[in-house]
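Some notes on the structure that comes next.
Both counts, for ligands and for their atoms, begin at 1 and track the order of listing.
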Amino acid sequence: MTSLSAVPAYAAPAPKAPLERTTIARRAVGPNDILIDIKYAGICHSDIHQAREGWGEATFPMVPGHEIAGVVSEVGSAVSRYAVGDHVGVGCFVDSCRECEYCRRGLEQFCENGTTATYNGFDKNGDPTYGGYSTALVVDENYAVRIPAALGLDVAAPLLCAGITTYSPLRHWKAGPGKKVAVVGLGGLGHMAVRFAHELGAEVTVLSQSLRKKDDGLRLGADHYYATSDPATFTELRSTFDLILSTVSSPLPMDAYLRLLTVDGAFVNVGAPEEPNSLNMFSLISGRRTLAGSPIGGIAETQEMLDFCAEHGFGAEIELISAEQINEAYERVIASDVRYRFVIDTSTI
Ligand code: NAP
Ligand code: ZN
Ligand code: ZN
């Protein structure tokens, strides 16, 4: 097949500019590639950080989207894992070096030579990458995952980032029976974190700015729900948690949160604020506490997470939108007004 030259997409033409309809090119399907007919793309807060250059200089035009779910519509001559008609997903990266220690261990997110980001990156030929707010994607079969039949493609799309980004640290820090886990922020990542931590057997507390989403939090599997706007929360919960997973997109008053950890507890950031945080080291020293971070997850663990969701019968909670609503959805995400992931129906692009 020759390259696809006029694939409909939604792009930010410049930093902070509204996204608008455009077309992009996709490379020809190579021997190891699959062509994906994209059906749904989730809106991650990282799309907004990048489209507005909140994390630093970015590449424009930008087609965001790294929560991609679709159907294989063509396979290269050497493809062995997928066939036309298979349901597949693509997350935050579309390639890596495949040779370094981390790639060989299935921890591609730590590739020593850098992963190729699904968008706002450059592929091995030096061409800019474009993400999931489009109708088709060509990707090496080794960087796609299988979406189990039990999961709808719409509710599966957000699992490709929000799902794996929360599942991976919960597994790494051993959320499970006997562990008290707090999830800070009930947004796209947070609502998945609550579900996973609950299904893994932990006692789960949501720390949200207010109580307005309390019913949802409890329904998703939380045992307790507190408002961080109430100072009493921080006295009542002092030295309580083994693990705190922060999904918050802005800096937090770290000392107040660190004091909620028990001795040897860990505060793990998956939220990626645009501004630095500061803390008093005594907040760590006093309880031999750990402050950590975690990025997305590798291909194998992403597949494990999808299979876990299928087995336990849940995907993301979504608000399905048309492409015309993307800019409005961005504003609502920033206002913490999403229940709990916007997903674009790409047939409207
Ligand atoms: P989101 O849907 O906007 O959720 C963030 C939640 O944080 C909000 O719903 C809100 O929950 C809470 N929050 C927002 N502003 C706050 C503030 N000023 N103080 C306290 N709480 C606040 O975003 P998301 O898509 O889940 O992404 C969350 C963050 O994770 C973003 O920074 C994103 O870039 C990052 N991220 C990181 C990775 C990674 O690999 N580490 C992967 C994906 C995303 P409440 O209303 O409940 O308070
Ligand atoms: Zn993301
Ligand atoms: Zn590598």
Taking both backbone and side-chain atoms of L186, is any N or O found less than 3.5 Å from an N or O belonging to ligand 1? yes

Is the shortest distance from a Lys or Arg side-chain nitrogen in R171 or E301 to a carboxylate oxygen in the other one below 4.0 Å? no

What's the shortest distance from atom 33 (C) of ligand 1 to any protein heavy atom, and which residue and atom give it? S46 OG, 3.4 Å

Residue V333 vicinity, atoms of ligand 1 by number, heavy atom under 4.0 Å: 3 (O)

Just jot down the ligand 1 atoms closer than 4.0 angstrom to any heavy atom of S250, in number order. 15 (N), 18 (N)

Nearest non-hydrogen protein atom, atom 30 (O) of ligand 1: G271 CA, 3.3 Å

Tell me whether the count of non-hydrogen atoms from other residues, nucleotides or ligands lying under 6.0 Å of NZ in K180 goes above 12. no

List every atom of ligand 1 that sits less than 4.0 Å from any heavy atom of G185, numbering the atoms from 1 in the order shown and giving each element. 7 (O), 11 (O), 12 (C), 47 (O)

Taking R341 first and then E67, would you say they form a salt bridge - that is, a charged N and a carboxylate O separated by under 4.0 Å? yes

Any idea which atoms of ligand 1 are less than 4.0 Å away from a heavy-atom of W55? 34 (O)

Polar atom proximity, I296 to ligand 1 (N or O, under 3.5 Å): yes

Can you list the ligand 1 atoms lying under 4.0 Å from a non-hydrogen atom of G187? 2 (O), 4 (O), 9 (O)

If you measure from the Lys or Arg side-chain nitrogens to the Asp or Glu carboxylate oxygens, is any gap between D140 and R98 under 4.0 Å? yes

Give the numbers and elements of all ligand 1 atoms closer than 4.0 Å to a heavy atom of S249. 14 (C), 31 (C), 32 (O)

Angle, SG of C100 through the Zn ion (ligand 3) to SG of C111 - 10° precision: 120°

Is the shortest N/O to N/O distance between C44 and ligand 1 below 3.5 Å? no

Near the Zn ion (ligand 2), meaning under 2.8 Å, how many protein N/O/S atoms are there? 3

Are more than 12 heavy atoms from other residues, nucleotides or ligands located less than 6.0 Å from atom CD of E57? no

Top protein contact for atom 10 (C) of ligand 1, by heavy-atom distance: S336 OG, 3.4 Å

At less than 4.0 angstrom from any non-hydrogen atom of P295, what atoms of ligand 1 do you find? 40 (O), 41 (N)

Check contact between Y225 and ligand 1, using heavy atoms of the residue and a distance below 4.0 angstrom. no

N or O contact, P273 vs ligand 1, cut-off under 3.5 Å: no

Rounded to the nearest 0.5 Å, how far apart are OG of S168 and CD1 of I296? 9.5 Å

Mark the output for C161 as yes if a heavy-atom distance to ligand 1 is under 4.0 Å, and as no if none is. yes

Enclosure of R219 CZ (heavy-atom neighbours >12, cutoff 6.0 Å): yes

Quick one: does S239's side chain have a donor or acceptor within less than 3.5 Å of a partner on L260's backbone? no

When rounded to the nearest 0.5 angstrom, what is the spacing between CG in L279 and CG in L284? 5.5 Å

Any N or O of R212 closer than 3.5 Å to N or O of ligand 1: no

To the nearest 10°, how many degrees is the angle C103 SG to the Zn ion (ligand 3) to C97 SG? 120°

Tell me: protein heavy atom nearest atom 46 (O) of ligand 1, and distance? K213 NZ, 2.8 Å

V248 N/O under 3.5 Å from ligand 1 N/O: no

Using a 6.0 Å cut-off, check whether atom CZ of F110 has over 12 heavy atoms from anything other than its own residue. yes

Looking at the rings of Y167 and F196, which for Trp means the six-membered one, are their centres under 6.0 Å apart? yes

Is R104 reaching over with its side chain to a backbone N or O of E99, donor-acceptor style, under 3.5 angstrom? yes

Is it true that I38 and I24 fall in one hydrophobic cluster, defined by side-chain heavy atoms closer than 4.5 Å? no

What orientation do Y119 and H66 show, parallel under 30°, tilted 30 to 60°, or perpendicular over 60°? tilted

Can an N or O of Q209 be found at a distance shorter than 3.5 Å from an N or O of ligand 1? yes

Between R146 and D86, is the closest basic N to carboxylate O distance under 4.0 Å? yes

Test of ring centre spacing under 6.0 Å for F234 and Y257: yes

Based purely on interatomic distance, does S208 place a nitrogen or oxygen under 3.5 Å from a nitrogen or oxygen of ligand 1? yes

Hey, is K39 close enough to D37 for a salt bridge, meaning N to O under 4.0 Å? yes

Sub-4.0 Å heavy-atom approach of R341 to ligand 1: yes

